[in-house]
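Input: a single structure, listed below in structure tokens.
By convention in this document, chain letters (A, B, ...) are assigned in the order of the sequence lines, proteins followed by strands, and residues within each chain are numbered from 1.
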Number of protein chains: 2
Amino acid sequence: MSAAPAPARRARRYDPERRDRLVDTTLDVIAAHGVAAASHRSIARAADVPLGSLTYHFGSLTDLLAAAFTRHVDTVAARFDERMAGAPDRAAALEVLVEHLTGDLLGSPRDLVLAVELYVAAARDPALRAVTQDWMSRSRRSLERHLDPVTAREVDALVEGLVLHSALSTDPMDAAAIRSALSRLAG
Amino acid sequence: MSAAPAPARRARRYDPERRDRLVDTTLDVIAAHGVAAASHRSIARAADVPLGSLTYHFGSLTDLLAAAFTRHVDTVAARFDERMAGAPDRAAALEVLVEHLTGDLLGSPRDLVLAVELYVAAARDPALRAVTQDWMSRSRRSLERHLDPVTAREVDALVEGLVLHSALSTDPMDAAAIRSALSRLAG
DNA sequence: GCCCGTTGTGTACGGTCGTTCTTATGACTT
DNA sequence: AAGTCATAAGAACGACCGTACACAACGGGC
């Protein structure tokens, strides 16, 4: 640091508190109006910060979206893995999975919408695809605590289908139907 | 003005050939660049028609997207139901399903992308949600030719998951793995 | 007390968007 | 032959977009 402190070409996290709030608000906007409506201006309005603050803290809109989805995935995946780790056996693990699905993902409109929006955005943006892939692999690793890898993969695919199904269908499957399908696949 | 022949307030299908071509081109653009990039202008450019032609033949962009997705769903669902109807028994039906999945949906990047784009768009647009719901119910009805309703629903959810999985994952399941999962669920 | 670099803000630019509306065209009726 | 009107084209409008950039605020080193 003697001289030329090389002013951090990339990193721009001077006000961590505001940065955090921007990420949270971004998730709120995505959940409420979709990723297509998550513009610099709409987020700035929702967070009540000046427009320039966004490009100041995040180099581009994609960076901001990636940060937001990453936070969301971290939250959900960590919660799931924690519960999965606490399950004593395979049957309990399946019950944890049912609970996670019906309670967390399908039960909360916010989380459900965020999942689908992430799917969509990831289909086009490589940076976001990395986030979904991370989610998938973490979820699979959690499942593999109690299931063999092949079954874990099948269950993972079914779970994704159930999420989508629940988001788009008029009469989504209830907890009992989900439990039955999962136990037929992995019981 | 006395006469005021009330000039066909709604219907506007004067040049069916061009209208058809616009729908096809719209699907091409969506498959190539996503529904977010499917603007009046990009479609007009791709179809080599003047911009005004789009709003002339379709009252709004949403109308055009709905028409495009409807055509796509009709094509895929009809093909699937036809094959399903030709299956003599349950085992053959499952094999048809595997073939439909690996060959049609997962095998063709175009169809796969269109499916995911439709999922995404449907999450926000009620008119498009109706299209996906129609697809789901037709697909379920095809499955119910050989499966009981409960199993058909589970299989339907798994299929959607496999589509999404295949679109986003780095190492999607192959035909053998899909066959195994399906037969475990419905065999 | 002055200076200057860090931190943060607001405006402006160039572009794309959906949609509207004026205008051209050409075929059919009278 | 003239008039009419469905059909088609494309320019124009107002809005919103991401990003760049000039500039304000301000606190610490001389």
Side-chain angles (χ1 to χ4, degrees), chain A residues 1-23 25-26 29-30 32-68 121 124-128, chain B residues 1-23 25-26 29-30 32-68 121 124-128:
Chain A
M1 73 138 50
S2 56
R9 299 173 57 61
R10 205 124 280 251
R12 273 177 161 175
R13 48 195 69 202
Y14 308 121
D15 181 343
E17 189 192 342
R18 167 162 294 190
R19 198 174 191 276
D20 267 18
R21 192 154 57 88
L22 287 179
V23 170
T25 305
T26 301
V29 171
I30 293 172
H33 305 105
V35 70
S39 65
H40 276 146
R41 285 171 175 80
S42 67
I43 296 167
R45 220 175 301 132
D48 195 33
V49 300
L51 174 61
S53 187
L54 294 186
T55 49
Y56 180 71
H57 286 278
F58 299 90
S60 74
L61 186 62
T62 300
D63 287 354
L64 174 54
L65 294 180
R124 291 289 160 193
D125 190 323
L128 298 180
Chain B
M1 53 160 67
S2 58
R9 300 172 59 58
R10 208 124 278 252
R12 272 176 162 179
R13 48 194 70 202
Y14 310 121
D15 181 344
E17 189 191 343
R18 166 163 297 189
R19 198 173 191 279
D20 267 18
R21 193 154 56 87
L22 287 180
V23 170
T25 305
T26 300
V29 171
I30 294 171
H33 305 107
V35 70
S39 65
H40 277 146
R41 285 171 175 81
S42 66
I43 296 167
R45 221 175 298 131
D48 195 33
V49 300
L51 174 61
S53 187
L54 293 186
T55 49
Y56 180 70
H57 286 278
F58 300 90
S60 74
L61 186 61
T62 299
D63 287 354
L64 175 54
L65 294 180
R124 290 290 160 192
D125 190 322
L128 297 180

Query raised in the report: What heavy-atom pair brings B:Ala68 and B:Thr26 nearest, and what distance separates the two atoms?
Result: CB-CG2, 3.7 Å
Query raised in the report: Which pair of non-hydrogen atoms, one from A:Arg18 and one from A:Pro50, has the smallest distance, and what is that distance?
Result: NH1-CD, 4.0 Å
Query raised in the report: Would a distance-only check, ignoring hydrogens and angles, find a side-chain to backbone donor-acceptor pair under 3.5 Å from A:Ser42 to A:Ala37?
Result: yes
Query raised in the report: Would you call A:Glu17 and A:Arg21 a side-chain contact if the rule is heavy atoms closer than 4.5 Å?
Result: no
Query raised in the report: Base, backbone or nothing for each nucleotide of nucleotides 17-28 of chain C, written B, S, -, heavy atoms under 4.0 angstrom, 5' to 3'?
Result: BBBB--------
Query raised in the report: Do you know which two heavy atoms are closest between A:Val29 and A:Ala46, and how far apart they sit?
Result: CG2-CB, 3.8 Å
Query raised in the report: D:dA20 P sits how many Å from A:Phe58 CZ, rounded?
Result: 16 Å
Query raised in the report: Quick one: bend of the helix from C:dG1-D:dC30 to C:dT30-D:dA1 from 5 pairs per end, to 10°?
Result: 30°
Report summary line: Correct closest heavy-atom pair for B:Ile43 and B:Leu64 would be CD1-CD2, 3.8 Å
Query raised in the report: Can you find a heavy atom in the side chain of A:Ile30 that is under 4.5 Å from one in the side chain of A:Leu65?
Result: yes
Query raised in the report: To the nearest Å, how far apart are A:Leu22 CG and C:dT9 C1'?
Result: 14 Å
Report summary line: Note: B:Ala66 and B:Leu128 closest approach over all heavy atoms is CA-CD2, 3.5 Å
Query raised in the report: Nearest-Å distance, OH (B:Tyr56) to C1' (D:dA11)?
Result: 18 Å
Query raised in the report: Can a side chain N or O of A:Ser53 be found less than 4.0 Å away from OP1 or OP2 on C:dT9?
Result: yes
Query - Length of the CG-C1' vector between A:Leu54 and D:dA20, whole Å - result: 14 Å
